[in-house]
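The figures here come from the full heavy-atom set of this structure, side chains too, leaving out hydrogens, waters and symmetry mates. We count residues from 1, following the sequence as given. Each ligand, and each atom within it, is numbered from 1 in the order the structure gives.
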Amino acid sequence: MRIVIVGGGVLGTMHAWWAVRRGHQVVHLERELEARAASVRNFGLVWVGGRAPGIELETALRARELWAEIAAEVPGVGFRANGSLTVLRGAAELAVARQVLDRDDAGRRGFALCSADEARALNPALRGELLGALHCALDGAVESRVVLPALRARLAESGRYEWLPGREAREADRAGVRDDHGARHTGDLVLLCPGATLSGLARELAADLPLRRVRLQMMQTEPLDEPLTTSIADGDSLRYYPAYQGSALDQLRAGSPRAPIAEAHAMQLLLVQRLDGGLTIGDTHGYAEPFPFDLHEDPYQHLVTVAEALLGRPLPRVQRRWAGVYAERTDTGHVVLRQRVADGVVLITGPGGRGMTCSPAIAEATLEELQP
Ligand SMILES: Cc1cc2nc3c(=O)[nH]c(=O)nc-3n(C[C@H](O)[C@H](O)[C@H](O)COP(=O)(O)OP(=O)(O)OC[C@H]3O[C@@H](n4cnc5c(N)ncnc54)[C@H](O)[C@@H]3O)c2cc1C
């Protein structure tokens, strides 16, 4: 088959990966000169532990295997199996971790409960006050800013892959795609991966999709002068990831209100060290559109305070701040929206905050579904 893929983010690129793998010819369009949306703005966390039981966890587990396999072939994606520590600072947070550890699937998730000393043995940079930590050995990380070009360079070696940046798809049908230069790209199938761009072509093909958009604020520091051997999350992340739901979390919510700024911006702290030593730190979650076009300073101050408390030292100077937007499904029980929106055209978007993690498995499943 000749497959036209629209969207140069991680979903489009992973679909190109599997399509070429299966022997297809791929034409890949991106409206920008380089992908610059959610897929390069994220933490690069391959986050397995916190996933909801069922299809979400199974997809993340499969994706985690695939990231390791892809990295063996394309080391430039920067995958490392560094694991994560969710730092527990209060008795109610510890109770949530204990409840999760009691469940049958704790082992499959790579979870273990650590004392403060055990957590520091795993990550000596954690010098702040803590009661303990939930270790997830399966969590990993990739270098979001370089994953896409690294994968494309490998795809180009196949001789069956054509990358066309600066081309916005304006029409898509069973014959292929027409771009904003007036060029037609013929194909047997169109895979539309527009990310959070739900206007334009996506809306013309399918209105009223079960999707919403979410805006996050992020920052990155100058290099830290020591390694951060695991990624780090704070106790607020227990409120965010579905794996932690249960009576202990209900008690945490009822008895331990979050800092008002964290509540107002639906925040958690996630912290991952880049390969150059810098720390990527976030995040906030904003759901009300229209989204602010500017960055709000107060949440950043909160993130710095929490990160410095966990590390027990000042952070290096913040070098970059940015916001990013992703699309997520509003109906539960699905990892992504994968919908035939016209004859020969399949729309794939809405993986939410797990898109970087799950993209290899989502794309593998699409190709499998199309051609078992
Ligand atoms: C700040 C932030 C942090 C995150 N952290 C994580 C994380 O650590 N781990 C994790 O698993 N997930 C994370 N996510 C979620 C993850 O980044 C997204 O789910 C994922 O990147 C979505 O990929 P995508 O390819 O669907 O979308 P995008 O990356 O948005 O790519 C879509 C692309 O399509 C292009 N496009 C749109 N319309 C057209 C058109 N008509 N013609 C041509 N091109 C078009 C756009 O220009 C864009 O480049 C995070 C997201 C954000 C915003």
Side-chain angles (χ1 to χ4, degrees), residues 4-16 27-48 50-51 56 59-60 63-64 67 84 139-145 147-148 164-172 177-181 185 190-205 211 213-220 231 233 237 240-241 268 270-272 280-286 291 321-329 335-338 347-363:
V4 184
I5 298 180
V6 176
V10 73
L11 273 191
T13 307
M14 284 295 181
H15 280 85
V27 180
H28 193 184
L29 277 70
E30 163 57 48
R31 65 181 180 179
E32 303 285 350
L33 294 177
E34 178 51 90
R36 41 179 288 131
S39 301
V40 298
R41 295 175 189 231
N42 61 42
F43 294 92
L45 288 170
V46 177
W47 205 249
V48 177
R51 300 294 158 210
E56 187 176 317
T59 305
R64 168 67 173 72
W67 271 117
S84 74
D139 286 344
V142 293
E143 289 298 281
S144 321
R145 289 173 190 240
V147 161
L148 304 175
L164 295 176
R167 304 266 173 166
E168 181 171 316
R170 302 296 284 265
E171 286 172 17
V177 164
R178 184 181 65 79
D179 73 23
D180 59 348
H181 296 247
H185 308 278
V190 178
L191 299 178
L192 196 56
C193 304
T197 308
L198 305 175
S199 53
L201 180 57
R203 181 164 298 146
E204 279 176 34
L205 290 170
L211 294 169
R213 305 197 317 154
V214 183
R215 175 184 179 273
L216 292 76
Q217 284 192 192
M218 307 279 288
M219 63 177 158
Q220 190 162 320
S231 301
S237 71
Y240 179 73
Y241 291 105
Q268 61 177 337
L270 294 175
L271 203 162
V272 54
T280 303
I281 304 174
D283 55 17
T284 60
H285 295 93
F291 292 135
R321 297 170 198 266
W322 68 94
V325 176
Y326 60 68
E328 76 177 357
R329 282 196 79 140
V335 175
V336 73
L337 182 109
R338 190 186 285 111
L347 173 71
I348 307 140
T349 187
R354 58 201 165 197
M356 200 67 182
T357 302
C358 293
S359 55
I362 291 171

Novice: For ligand 1, note which part of Arg167 has a heavy atom under 4.0 Å away: side chain, backbone, both or neither.
Specialist: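 It is the backbone that touches ligand 1; the side chain stays farther off.
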Novice: Show the nearest heavy-atom pair for residues Ser237 and Gln268, with the distance to one decimal.
Specialist: CB-OE1, 3.0 Å
Novice: Take Met218 and Phe43 through the side-chain contact (heavy atoms from CB on, under 4.5 Å) test and state the conclusion after the steps.
Specialist: CA-CA 9 Å; Met218 307 279 288; Phe43 294 92; 3.6 Å; yes
Novice: Which heavy-atom pair separates His285 from Tyr326 by the least distance, and what is that distance?
Specialist: CD2-OH, 3.8 Å
Novice: Below 3.5 angstrom, do we get any N/O pair linking Pro351 and ligand 1?
Specialist: no
Novice: Could you pull out, from Ser359, Cys358, Pro194, the option with a heavy atom nearest to atom 32 (C) of ligand 1?
Specialist: Pro194
Novice: Among protein heavy atoms, which sits nearest to atom 27 (O) of ligand 1, and what does the distance come to when rounded to 0.1 Å?
Specialist: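 Ranking protein heavy atoms by distance from atom 27 (O) of ligand 1, first comes Gly195 CA, 3.3 Å.
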Novice: Report the nearest protein non-hydrogen atom to atom 21 (O) of ligand 1: residue, atom name, distance rounded to 0.1 Å.
Specialist: Ser39 OG, 2.8 Å
Novice: Is any side-chain heavy atom of Val27 closer than 4.5 Å to one of Val177?
Specialist: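 No, their side chains stay 4.5 Å or more apart.
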Novice: For the 3.5 Å polar cut-off, considering only N or O atoms, please tell me whether Tyr326 and ligand 1 meet it.
Specialist: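 In this structure, Tyr326 places no N or O atom under 3.5 Å from an N or O of ligand 1.
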Novice: Looking at non-hydrogen atoms alone, which of Gly324, Ala327, Ala60, Ala363 comes nearest to atom 53 (C) of ligand 1?
Specialist: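 Considering heavy atoms of Gly324, Ala327, Ala60, Ala363, the nearest to atom 53 (C) of ligand 1 sits in Gly324.
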Novice: Can you tell me which residue and heavy atom of the protein come closest to atom 12 (N) of ligand 1, and the distance to 0.1 Å?
Specialist: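 In this structure, atom 12 (N) of ligand 1 has Gly353 O, 3.0 Å as its nearest protein heavy atom.
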Novice: For atom 14 (N) of ligand 1, what's the nearest protein heavy atom and its distance?
Specialist: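 Residue, atom and distance for the closest contact: Asn42 CB, 3.7 Å.
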Novice: Counting non-hydrogen protein atoms only, what is the nearest one to atom 48 (C) of ligand 1? Give residue, atom name and distance.
Specialist: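 For atom 48 (C) of ligand 1, the nearest protein heavy atom comes out as Glu30 OE1, 3.4 Å.
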Novice: Work out whether the distance between some heavy atom of Gly352 and some atom of ligand 1 is less than 4.0 Å.
Specialist: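 Contact check Gly352 vs ligand 1: positive.
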Novice: Mind listing the closest non-hydrogen atom pair of Ala327 and Gly195 along with its distance?
Specialist: CB-O, 3.9 Å
Novice: Can you tell me which portion of Leu11 lies within the under-4.0 Å heavy-atom range of ligand 1? Options are side chain, backbone, both, or neither.
Specialist: both
Novice: Mind checking whether Met218 has an N or O less than 3.5 Å away from an N or O of ligand 1?
Specialist: no
Novice: Please check if any side-chain donor atom of Arg31 sits under 3.5 Å from a side-chain acceptor atom of Thr197, or the reverse.
Specialist: yes
Novice: Just do the side-chain contact (heavy atoms from CB on, under 4.5 Å) check on Trp322 and Val40 with the steps written out, would you?
Specialist: CA-CA 11 Å; Trp322 68 94; Val40 298; over 6 Å; no
Novice: Looking only at N/O atoms, are Thr357 and ligand 1 under 3.5 Å apart anywhere?
Specialist: yes
Novice: Carefully, step by step, assess Leu45 and Thr357 under the rule side-chain contact (heavy atoms from CB on, under 4.5 Å).
Specialist: CA-CA 7 Å; Leu45 288 170; Thr357 302; 5.5 Å; no
Novice: Can you find an N or O of Leu201 that's nearer than 3.5 Å to an N or O of ligand 1?
Specialist: no
Novice: Do Arg321 and Gln217 come close enough that some side-chain heavy atom pair is under 4.5 Å?
Specialist: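 No, their side chains stay 4.5 Å or more apart.
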Novice: Which heavy atom in Arg354 sits nearest to a heavy atom in Gly350, and how many Å separate them?
Specialist: NH2-O, 4.3 Å
Novice: Look at ligand 1 and say whether Asp283 reaches it with a heavy atom at a distance under 4.0 Å.
Specialist: no
Novice: Quick one: does Arg215 get a heavy atom under 4.0 Å from ligand 1?
Specialist: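 Under 4.0 Å: no for Arg215.
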Novice: Let me see the working for Thr59 and Arg51 under side-chain contact (heavy atoms from CB on, under 4.5 Å), right down to the final yes or no.
Specialist: CA-CA 9 Å; Thr59 305; Arg51 300 294 158 210; over 6 Å; no
Novice: Select one of side chain, backbone, both or neither to describe which atoms of Val325 lie under 4.0 Å from any atom of ligand 1, heavy atoms only.
Specialist: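 Backbone only; the side chain of Val325 stays clear of ligand 1.
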Novice: Of all the non-hydrogen atoms in the protein, which one sits nearest to atom 31 (O) of ligand 1, and at what distance?
Specialist: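 Here the closest protein heavy atom is Gly9 CA, 3.4 Å.
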Novice: Which heavy atom of His185 sits nearest a heavy atom of Asp179, and at what distance?
Specialist: NE2-OD2, 2.8 Å
Novice: Any N/O of Val6 closer than 3.5 Å to an N/O of ligand 1?
Specialist: no
Novice: Please report the closest heavy-atom contact between Asp139 and Ser84, naming both atoms and the distance.
Specialist: OD2-OG, 2.7 Å
Novice: To the nearest 0.1 Å, how far is atom 42 (N) of ligand 1 from its closest protein heavy atom, and which atom is that?
Specialist: Ala169 N, 2.9 Å
Novice: Of all the non-hydrogen atoms in the protein, which one sits nearest to atom 9 (N) of ligand 1, and at what distance?
Specialist: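 Ranked first by proximity to atom 9 (N) of ligand 1 is Leu45 O, 2.8 Å.
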